[in-house]
Structure formats: C-alpha cells, structure tokens
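Sequence lines set the chain letters: A, B, ... in the order given, protein chains first and strands last, and positions in each chain run from 1.
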Amino acid sequence: MSKSAKFIAIAAAATIAFAVAPALSQGKKKSGLGRVALPEEIAAWDTDVRPDGAGLPPGKGSVKEGEALFQEQCAACHGEFGEGAGRWPVLAGGQGSLKSEGPEKTVGSFWPYASTTFDYIRRAMPFGNAQSLTPDQVYALTAYVLQLNDLVKEDFVLSRENFASVKLPNEKNFYDDDREVSEKHFWNKKPCMTNCKVEVKVTGHARVLDVTPDSKTGPKVD
Amino acid sequence: MMSEKKAHDALDRRSFLRASGLAGAGLFATSAPVLSQQGKPDPAITDVQDWARNLGPGVVSSPYGKPSEFEKHVIRRDVEWLTAGKESSVSFTPLHELDGVITPNGLCFERHHSGIAHVDPAKHRLMLNGLLDRQMVFTMDDLKRFPGRQNRAYFLECAANSGMEWRGAQLNGCQFTHGMVHNVWYTGIPLKTLLDEAGVKTNGKWILAEGADSSGMTRSIPLDKAMKDCMVAWAMNGEALRPEQGYPLRLVVPGWEGNMWVKWLRRIEVGDQPWHAREETSKYTDLLADGRSRRFTWIMDAKSVITNPSPQAPLKHKGPNVLTGIAWSGRGSITRVDVSIDGGKNWRTARMDGPSMPLSMARFYVDFDWNGQELLLQSRAMDSSGYVQPTKNDLRQVRGTNSIYHNNGIQTWLVRANGEAENVEVS
C-alpha cells in the first residue's frame, strides 16, 4: 500500500470511530455519569423551606425557649431584643420606616415570609457555627424573632403544623420585576448628542472618606 | 500626507469641539513635545541600571508567577466601615489599574457571606434533587467527563455595585463606586446537560442553587434561565477557580446579578415554585420610594464607567491623553458608548477596541489632548436591546433613593486643573 493510501485507510477508520461515539451522547441519551443520591444524603443537605411550609422538619419550639437560646447564642451580635449590637444586623423593629430616609428592613418590617427566617437560621446561624441547631431550637428561635417583632404572642409555640398560619405584614408589598414597563423610557434608540442641557451645575461632591490611596497629596501635572 | 483615517479623526475632533462650544478654548490644542529636563541627559539612559548589569532570579524562582513588585498597589481593597466584619463583606476590583476586557483572577472582587470556604475537591459533591426522574450526585471527576464542555466570557456584577451612591456622590474612586464587577472566561458544562441527565419532571419550573460554604447561600432561578445559558464552571481564565470565586465549582448565570452565581456549588434542587430564600427577600429586593419593593430583579442593566481618568487615576500630563473605560449589559452586547466632557451637555461616540460579546465587558477609548481645563467626564452605554444607560437622576425619578441595588446611573468625574479627579453629581 502506498503511503497516501495507508493514510486514507487510517483516516477512514478514524471517521467511523468518531461517527459512532457522538451518537452515544446525543439527544436525550444519558452519559451514565454520576450516581443516584441516597435518601439520607438528600435529607442531610435538603433543608430548604418554602413559604407554604414545604420542607419544614417535624418539631416545635416556644417563644420562651427561643428567648433563652437567643440570649445565649445570638444576642452578642443581634442584641438582646434583636436591635443589633454595633453594626451587626438588626432583626426587629423598623415597622413603618420603609418610606423614610432611613428604612430599617427587618423580619417584622420588611420580610415577606416567616419561612425565610426558619430556613436561614437553620442553614447559616449562629454566624461561625452554622448547622449546629436542632429543628426544635430553630422553631424556638424563629418564634422568638417573630415575637420580638410583635407578630406572635409571648406564649406562642411554633410548630410544623401551625407554621403556615404566621403571615408577615409586608408580603403584599413585593411585586415582580417590571423594569421593562415602568422604565420603558430608558429604551431610546436616539439619545441626545448635542446641547442636551441648558446648563450643567455640580450638585454634589463625594464626601472624601480617605479610602483613596495617596489622597493626601495632589497629583503633579507637567 | 495625512491618511484618510487620520483626517477623519481630526474632523471628528473638530466637530466634537464645536458642538461642545470649546473649540476656541483650545482644550484639545496639541502641546509641544516635552524636552528632557533642560537638555540634560536622562540618567535612566546614561546610568547602567542594576537589571542591566546583574543576573536576575532564575526560572521557577516564582513557581506560580506574580505581578511585578512595582505593581504592588494594584490590589483589591475594601471599605471597612461598610460591614461589621470581614467574613461577610466585599472587596473591590481595581478597575483604574486594568485594561482590556478580562479581569485577572487575583483581582476579581470578592463578596462572601461567611468567609472563603476552602473546599477539598476530592470531597466536593454536586447533588441534583427535587422534581427529577433521578436524584443524583456527581463528583468533580464526573463533571469533567461530561461531553459538551464550553468556554464563555461573561461579566459578573454584584447587584449592590454603586449601591452607596443612591443618595449622592460618596466614594472617591471607581474601584469603590464600580469595582464590584469582573469579566472572566469560564470553562465548564451547561447546567442543562446535568438537568437533562437527571430528567426534569414536567412540573419543574424553578431551580434552587445552594453553596457548600457556611452561609449555605441559596437562590431561586427560573428553570428557563437554567436551561438557556447557565453553566456549571470549574475554571476561570484558563485555570481552576480561585477559592474566593467558589473553588472547585460555581454557577454561572450570564447577565444576572452576581449573588445568583452561587460559589462552592453543591446542590441544585428542582421545584415548582421559588423558595424566597433570605437573599431574594431580605436582600436583593429593591425598595422603592412608595415603600413597595421589586423582587426578582435579576438582570443587570447596561452600565459603563470611565476608569481613567478617575479619582484614583488623575491626569498627570497636558497634551495627549487616553481616556478609557468599560461597559457591560445583562441584556445583550454593548453596541455603543458615548462620552461627554461637559457633564452630559454634548456627547461623542467613543472608540471600542476588543471584542464586544453578549453579556461580556467591552472596552472603550477616547484619545484626546488636555490643556488643563476642568472636565466633567461621563460615559453612557447602549446595548443591543436598545437600552440607554440613564442618568442617576432619571433612575431616582423612578426608584427613589432607598433601593440599594441596581444603580446603573451615569457616573460623573470632575477633573480639576491640577489633574485631580473627584466623584461628583451634576444637574
């Protein structure tokens, strides 16, 4: 066989090999990679809770139990009454502040759903010791945070069964992104190029916060 | 002889000046080339420098290469008063020190909610559960064996980028006003590949993406988006993800707010409703003036900023200078950037150089001569959807000043006669 004939033969063989391979991975055919997740594995990671209560574990906890836990594990950062120590997040109060110059967004004043409090405390708090709380403790802490916001009474016991009955007052004030309608005027094929304003005045200067490297010395211009 | 291109540029410049009413002011008058100091020879040339005499360090003296020691100032920075601690905080990309369209890995801004997770890739798993034919687990090795690997460049912007500027000019430097953005080449596989492998049930409408760090970051994403262009990525700019960017695996959600690009990605759940996690209720919702809030404002609108000159990068020379900046849009590609030197009265279209890919950063330039006159610099981006970057006041008209997120308003830098630049707002 001549060199070039040999090459053609090899090339043809290669084409066949590659023609077969893609067929295996195309369309809805599976790659066969990965494995089936075991129920215990899913239970270990899937702790998310939805507003309708889907995902809540069995259990319950009282405001009273929550208060004790909160003082022990949360108050150092969030304050005794959820008012926030220093610059740590505020968890309670702020009702009626959302239209003001200084809105205070808390579980009571802003959050739309109580389920978020449960879900978040369970996955992320206490800060630096996440996933250390039992479901009953999370029910109790959630109950306490709700009570700090005057959303439940002091003798309230929160459980999977009564969870969906807790409604947060600000839920109705959320609506889906409407920028394409409410900001339609920002789609403007021909923006102004010349004499777009009568006058230009500087209306505000950056408060210089000394975050700019070498802000003390002005630049040298030659 | 003047080339046709040059003649065109000169014309362009003259008409721009006329329009700006600055033609007579000589703003763009060319200055004579500067002589070396009084004709004395330059010691940088006449002295033999150390590096011209001695041997330098050998190969592998720095097995993983670092930037020049003269670039030590080119670093991410944070603003301490912004947050209670460093673990849930943010650092900013030094945009004024960068050029081109790709952000180097070590300079990509960081936003962590519980610090940087150091994840052992051998122990990392990606679980797919929920409304699927099969609940599945993948190792990193499994993911890297999937057919259909992709390379894509996308910008990632934190929804809170420029969030401190809603009430007026605050921070003095584009690193701080605009540095929560980066642009990176990602390598990975489409999320669709994995969802198809597990088989999404017909009632599956949303996914929940979850991180393996101790904040357990979670975000709900519509299934349509997940199937359209989301990626599961393990490499950035050709190398493994950096720990602070989610090593060994992160979600890529092109054009959408950075918080959704879950780092240390460990789980994708499919459901029929959104979950309303903390990061899509308490945070990343936009409080408007009437006290109501927009939610699910995922898309990052078109935005641009002049990176040079800017407060951290003053003008140092009269005569020829290069103005440059970046633009990006979550609705498509950047089609045009206009620049104003008079606070938005008159505009000229900037020159773009480098690729302008969809949902990726673009670079613009204006080559100009400066005679020491005060400038009010602005840039205005336009994207392929026809969206034009609004002024900050236009945005405030619709949204008020409490929304924190999605501030894509036009930035103004005041450049003074001494070349110093300051973050200002104009009427």
Pick one of side chain, backbone, both or neither for [X], based on which atoms fall under 4.5 Å of a heavy atom in chain B.
| X | value |
| --- | --- |
| A:E199 | backbone |
| A:F186 | both |
| A:K105 | side chain |
| A:E171 | neither |
| A:W88 | both |

Residue [X] versus chain A: region with a heavy atom under 4.5 Å:
| X | result |
| --- | --- |
| B:E210 | side chain |
| B:E197 | both |
| B:N129 | side chain |
| B:S385 | both |
| B:L194 | neither |
| B:L143 | neither |
| B:D394 | both |
| B:V388 | both |
| B:H113 | backbone |
| B:R266 | both |
| B:R336 | side chain |
| B:T218 | side chain |

Could you tell me whether the side chain of [X] and the main chain of [Y] form a donor-acceptor pair under 3.5 Å?
| X | Y | result |
| --- | --- | --- |
| A:K99 | B:R292 | no |
| B:S293 | A:F174 | no |
| B:N346 | A:N195 | yes |

Could you label the plane-to-plane angle of the B:H276 and A:Y113 rings as parallel, tilted or perpendicular, counting under 30° as parallel and over 60° as perpendicular?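 Plane angle between 30° and 60°, so tilted.
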To the closest 0.5 Å, what do you measure between [atom1] ([X]) and [atom2] ([Y])?
| X | Y | atom1 | atom2 | result |
| --- | --- | --- | --- | --- |
| A:Y175 | B:F296 | OH | CZ | 14.0 Å |
| A:K30 | B:R134 | NZ | CZ | 7.0 Å |
| A:S31 | B:R145 | OG | CZ | 8.0 Å |
| B:D301 | A:W187 | CG | CH2 | 5.5 Å |

Are A:W111 and B:S282 close enough, and set up right, to give a side-chain hydrogen bond (donor to acceptor under 3.5 Å, both in side chains), and what steps lead you there? CA-CA 6 Å; A:W111 291 31; B:S282 170; 3.2 Å; yes
Could you tell me whether the side chain of [Y] reaches within less than 4.5 Å of the side chain of [X], counting heavy atoms only?
| X | Y | answer |
| --- | --- | --- |
| A:F127 | B:S88 | yes |
| A:E41 | B:R125 | no |
| B:Y387 | A:N188 | no |
| B:R267 | A:D48 | yes |
| B:M136 | A:R35 | no |
| B:E269 | A:D46 | yes |
| B:E425 | A:H205 | no |
| A:R123 | B:S214 | no |

Search all heavy atoms of B:M382 against all heavy atoms of A:P191 and return the closest pair with its distance.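 Shortest heavy-atom separation between B:M382 and A:P191 comes out as SD-CG, 3.7 Å.
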Taking only Lys NZ, Arg NE, NH1 and NH2, and the carboxylate oxygens of Asp or Glu, determine whether [X] and [Y] approach each other closer than 4.0 Å.
| X | Y | result |
| --- | --- | --- |
| A:E180 | B:R331 | yes |
| A:D177 | B:R295 | no |
| B:D286 | A:R179 | no |

B:T83, B:D383, B:L128, B:D213: which one forms the most heavy-atom pairs within less than 4.5 Å of chain A?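 Top option by heavy-atom pairs under 4.5 Å: B:T83.
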